Amino acid sequence: MKFIRIAIKDFLSIGEADVQLQDRGMVLVTGRNLDNTSASSNGSGKSAIFVDAIAWVCWGKTVRGVAADEVIRRKTDCCAGILDIEDDQGNKWGILRARGSKSELTLQSAGEDVSGATASETQIKINRLLGFDYDSFVSSVMVGQGSMRFAQSSDKNQKQILERLLGITIYDSAQKVARERLSRSKLSRQFFSIDYNKAQERLEGNTKRLKTVAEQAEKDEVILAKKSRYCYRRIRRLNRIINKLKPRMEQTESLIDDLPEYIRKVDKYGSKIRVLWQRNTSVSKRMKDAMVLIEDLENESSKCQACGQDLPLKSRRKMKYEAEADCKKAEQEIKEISLEYNRAKEWQDKYKTKVDGFKKLTKSHSRIVGKIRFYEGDLCSQEAMADMLKNTKGGTEKQLEEIRLQIKNDKRLVEESKLLAKKSEREISRLEFWEKGFGPSGVRSYLLDEVVPYLNERANHYAEIMLGGDVSIEFSTITHLQKGGIVDKFQVEVKNRHGANVYLGNSEGEKQRVDVCVALALHDLARSRSRCKVNIMVFDEVFERLDEAGSERVVQLLSSQRDKWESCFVISHNDALEQYFSSRIEVVKKNGISGVRCESF
């Protein structure tokens, strides 16, 4: 994979830059920050072009961790970059990324847009085209301050750097997964244990309950048998009593059927008596009035009731005759009414006597009906009792069957819990193995042991060139204690034949050269294990703290590696290095905007 050209606009502090990346040879990259004279070249934007810009165009993130809209240069609303590349078959590709008011990601092939339907799909195509990821790119293309001072880093940091270079950080994720699964399995084992204990407790409880219920059922069966015999005897006796009372009830019912007719007749004669009594009253009054009139007409001074004048004798005689006739007629009517009244009264009393008899018979019937209902109610109660006793026996048998079924189910749950617990134990044992295997003392430790000889060979190869063979560098995964014994601890031992036998005992220049040897060895390890085979290399500030002789040896060393890359960009604050390079790129920052100027020597 060849990187041909990177063009960037309004990215970080860069206003606009267009840099050829192919066949550049050894290139010195320096900077000038005209906005801050005390900072010299710091902050001018040197690293932004050769590492951050390429990484951002390809993967949308930078080495320094700037992301999202933070990559857009201040006072602008959009940034963009394009990287021209050539694959191993000679095909030309272009990757365009923009961020801000117009965000886009485009992949072009021979000038034709071959982007996916979405930015995510386009990114997948770019990853597939490049054949390596962001981490592989940074570790394989860049040697900088991150990999410098490796020798004095802590055991943890050294191992983390090597794991990233070896691409085995996945084991850390795998260990986390194994640990999480182990935690879940242990939690499941606790649940299985709880389920087992609960099932065992239920099994023991139901077994005791079955024994208790069975013993009680035997006792209850004797009592129920006695109660059942009593109930059935009582039922038979009540049936006999009811059968005796029913004929009497039916007989009284047949007699009582005539009662309404007699009551109707009593009411009929009662009505007739009342009518006769009213007639008798009316006739008696009429007769009394006639007698008063006769007595009044016998007086000669009687007067006309209409006009108040004295009545003539002839009129008095006529009126008296009529009154006497009416009086006799009334007396005769009274005799007839009295005779008819007495006959009606006689019939009414006769029917009343029969009604009273029927009423007594009704009371007797009611008593018989009440007795029958009482005995029938008692009979129903006894029959219900008999059914209850029968159901009680059946209910006890059903309860025993339910308990036996629960015991069977509890036994099954106990066995299932045992099997699950055993399975969980096996799973826990397996996950504990893998948690340890994926840990620092497992596969990762084995892989580090495997690469130590390679690192030692490469580091001492570079030390022979850089330090003339006076210094030996040895990577080791174990440390020998002063009191004896060893511990699993990664370290870099530096021995100087003409100086100290520890890294910190050497001069700053010697330590810097050791750092370069170690960094190059680490870089060789990364390239040897990475699919990232590109035509450029970036060294970020590897010449700092070196004297002129040290700088010259580093340049000679880098020149000897020209067969590994087409272009080598060395970023430095030291302008005195110009004599060792054929060309230079200067990044100048003015008024907050960085620009690029290329020149040859």
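Note that these values count all heavy atoms, side chains included, but never hydrogens, waters or copies made by symmetry. For clarity, every value in this text was computed on a predicted model and none was experimentally measured.
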Engineer: Quick one: do the D195 and S417 side chains pair a donor with an acceptor below 3.5 Å?
Structural biologist: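 Result is no, nothing qualifies.
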Engineer: Dump the intermediate steps for side-chain contact (heavy atoms from CB on, under 4.5 Å) on V471 and V494, then the final yes or no.
Structural biologist: CA-CA 7 Å; V471 176; V494 178; 3.6 Å; yes
Engineer: Would you call the rings of Y171 and F438 parallel, tilted or perpendicular, taking 30° and 60° as the class edges?
Structural biologist: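 Judged by the thresholds at 30° and 60°, the geometry between Y171 and F438 is parallel.
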Engineer: Assess whether a salt bridge exists between D18 and R5, defined as any Lys/Arg side-chain N lying under 4.0 Å from an Asp/Glu carboxylate O.
Structural biologist: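 Salt bridge present between D18 and R5.
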Engineer: Scan side-chain atoms only and decide if D515 and Y503 contain a donor-acceptor pair under the 3.5 Å cut-off.
Structural biologist: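 Yes, Y503 and D515 have a side-chain donor paired with an acceptor closer than 3.5 Å.
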Engineer: Output yes when a side-chain donor or acceptor of T118 lies under 3.5 Å from a complementary backbone atom of E121, and no otherwise.
Structural biologist: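 Confirmed, T118 side chain pairs with E121 backbone.
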Engineer: Donor-acceptor pair, R597 side chain versus V588 backbone, under 3.5 Å?
Structural biologist: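 Looks like no, no N/O pair under 3.5 Å.
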Engineer: Quiz question: by atom type and distance under 3.5 Å, do the side chains of Q123 and S120 form a donor-acceptor pair?
Structural biologist: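 No, because no side-chain N or O of Q123 sits under 3.5 Å from a partner of the opposite role on S120.
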Engineer: Any chance the side chains of W93 and D84 put a donor and an acceptor closer than 3.5 Å?
Structural biologist: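 No pair is found: no donor N or O on one side chain lies under 3.5 Å from an acceptor on the other.
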Engineer: Under the side-chain hydrogen bond (donor to acceptor under 3.5 Å, both in side chains) rule, collect the residues that match up with W434, sequence neighbours excluded.
Structural biologist: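 W434 satisfies side-chain hydrogen bond (donor to acceptor under 3.5 Å, both in side chains) with no other residue.
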Engineer: So, E427 and R430, do they make that salt bridge, N to O below 4.0 Å?
Structural biologist: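 Yes, this pair counts.
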Engineer: Give me the one residue out of R74, K75, R73 that meets side-chain hydrogen bond (donor to acceptor under 3.5 Å, both in side chains) with D10.
Structural biologist: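 When R74, K75, R73 are each tested with D10, the side-chain hydrogen bond (donor to acceptor under 3.5 Å, both in side chains) holds only for R73.
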Engineer: Tell me the salt bridge (charged side-chain N to carboxylate O under 4.0 Å, His left out) pairs involving residues 464-474, sequence neighbours left out?
Structural biologist: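 For residues 464-474, and leaving out neighbouring residues, the salt bridge (charged side-chain N to carboxylate O under 4.0 Å, His left out) pairs sorted by first residue read D470-R497.
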Engineer: Quick one: are L96 and E104 in side-chain contact, heavy atoms under 4.5 Å?
Structural biologist: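 In contact.
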Engineer: Test E86 against every option in Q22, K2, K92 by the side-chain hydrogen bond (donor to acceptor under 3.5 Å, both in side chains) rule and name the one that passes.
Structural biologist: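 That would be K92.
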Engineer: Under a 4.0 Å N-O cut-off, is there an ion pair linking D69 with R99?
Structural biologist: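 Looking at D69 and R99, the cut-off is met.
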Engineer: Between E566 and R24 (salt bridge meaning N to carboxylate O under 4.0 Å), is one present in this structure?
Structural biologist: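 Looking at E566 and R24, the cut-off is not met.
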Engineer: Between the side chains of R458 and Y462, is a donor N or O closer than 3.5 angstrom to an acceptor N or O?
Structural biologist: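 Present: a donor and an acceptor within the cut-off.
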Engineer: Report yes or no: is the cationic atom of R189 (NZ for Lys, CZ for Arg) under 6.0 Å from the centre of the six-membered ring of F191, at an angle within 45° of the ring normal?
Structural biologist: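 Not flagged: R189 not positioned over aromatic ring of F191.
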Engineer: One thing to verify: whether R412 and E416 come together as a salt bridge, which I'm taking to mean a side-chain N less than 4.0 angstrom from a carboxylate O.
Structural biologist: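 Here E416 pairs with R412 in a salt bridge, since their nearest N and O are under 4.0 Å apart.
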Engineer: Under a 3.5 Å distance rule, please check whether S103 uses its side chain to pair with a backbone N or O of G100 as donor and acceptor.
Structural biologist: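 Indeed, once roles are kept as given, a pair shorter than 3.5 Å links the two residues.
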